[in-house]
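Take a look at the structure below.
Small disclaimer: the values here were computed from a predicted structure and weren't measured. Atoms within a ligand are numbered from 1 in the order they appear, just like the ligands themselves.
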Amino acid sequence: MTDTSFIVIATLLGAVIGSFLNVCIYRIPLGKSVVWPASSCESCARELSWYENLPVVAWLALRGRCRTCKVALSARHPIVEALTAVMFGLGAWFYGPSLLLVSQLVFGCALIVLFAIDLEHHLLPNVITLPGIAVGLAFSVVTGPGWVASVLGALLGGGSLWLIAEVYYRVRHEEGLGMGDVKMLAMIGAFIGWKLTLVTLMMASIAGSVVGILLIAARRGDMKYALPFGTFLAMGAALAATVGPGLLDWYLGLYPAI
Ligand SMILES: [Zn+2]
C-alpha cells in the first residue's frame with residue numbers, strides 16, 4: 001500500500017502542474033512561449049499576484065472573475081487543475097513511487113492538453129504530438145511495453161488513421177480526419193504499444209458514435225458537428241492505459257485458443 005503522504009504530495013503537485021497545463025492550453029495555440037512571461041489575466045494582461053496562481057482555490061475565491069477587469073475566467077482553469085490533481089493522486093496510489101508512474105503521468109498530461117486544445121480550437125499542435133512520439137518511445141524501453149511494441153504502436157496508430165482519412169477524403173471529397181489526429185494516435189501508440197492502441201481506437205470510435213447518435217436523437221445536428229475526434233482519442237487512450245490491460249486479459253481469456 002502506498003504511503004498516504006506520498007499520495008497527498010502527488011495530488012498537490014498535480015494541482016500545480018495542472019495550473020501549468022492551463023498556461024500550455026491557452027498559449028500553445030497562440031504560438032506563445034509557455035515559460036515566459038509570468039501568468040497574466042487573459043483579458044487585461046495584468047500580471048497575476050502569487051495567490052491568484054493558487055490552483056482551484058484562487059478561481060473559487062475570486063468567483064471566477066479577474067480581480068481588476070472583472071472579466072469571467074473560463075471554468076476550464078479549475079477543471080483542468082482539479083482533474084490533473086486527481087490524476088496525480090490516483091496514479092501515486094496505484095503505481096507507487098516508480099518510473100512507470102512518471103511515464104503514465106507525462107502521458108496523461110499530454111492527453112489533457114491535447115483534449116482541451118482540440119475542444120477549443122479543433123487543433124492538435126505538433127509541438128505536443130511530435131515530441132510526444134519520441135518521449136513515448138524512450139519511456140517504452142524503460143517502463144514497457146518495449147521499443148518493438150512502441151514502434152509498432154506508432155506505425156499502426158498513425159497508419160490506420162491516415163488510411164481512414166485518405167479513404168474518407170477520396171469518397172466524400174472533404175476532410176474528415178486531420179493529420180493532427182494521425183500524429184496524436186501515433187504518439188499514443190508510442191506510449192502504450194500496438195495492442196492498447198487498438199483498444200484506444202475502438203473506445204474512441206464507440207464514444208464518438210454514441211455522442212453522434214445522441215446529438216442526432218436530440219436533433220442537434222449530424223456527426224460532423226460532434227466533438228472533434230482528438231477529444232475522443234484522448235478519452236479512449238486514458239481508458240486504454242488504465243483499464244485496457246485488464247480488459248485485454250479478460251477478452252483474450254474468453255478465447256484461450258488465440
Ligand atoms: Zn483582467
Strictly by modelled atom types, are Gln104 and Tyr95 linked by a side-chain donor-acceptor pair under 3.5 Å?
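Yes - a donor-acceptor pair under 3.5 Å links their side chains.
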Nearest 0.5 Å, what's the OG-CG distance between Ser43 and Leu73?
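Going from the OG atom of Ser43 to the CG atom of Leu73 covers 8.5 Å.
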Look up atom SG in Cys44 and atom CZ in Arg67, then write down how far apart they are to the nearest 0.5 Å.
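The CZ atom of Arg67 is 9.5 Å from SG of Cys44, to the nearest 0.5 Å.
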Should the ring pair Phe229 and Phe232 be called parallel, tilted or perpendicular, given that the plane angle runs from 0 to 90° and is split at 30 and 60?
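It falls in the tilted class, 30° to 60°.
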Pair up each side-chain donor or acceptor in residues 148-157 with any protein partner under 3.5 Å, not counting sequence neighbours, and list the distances.
residue: Ser150; atom: OG; partner: Ala190; partner atom: O; Å: 2.7

To check you understand the geometry: which heavy-atom pair defines the closest contact between Phe107 and Ala237, and what is its length?
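Closest pair (atom of Phe107, atom of Ala237, distance): CZ-CB, 4.0 Å.
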Everything protein-side that's N, O or S and under 2.8 Å from the Zn ion (ligand 1): list it, residue and atom.
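Per the 2.8 Å query on the Zn ion (ligand 1), atoms found are Cys41 SG, Cys44 SG, Cys66 SG, Cys69 SG.
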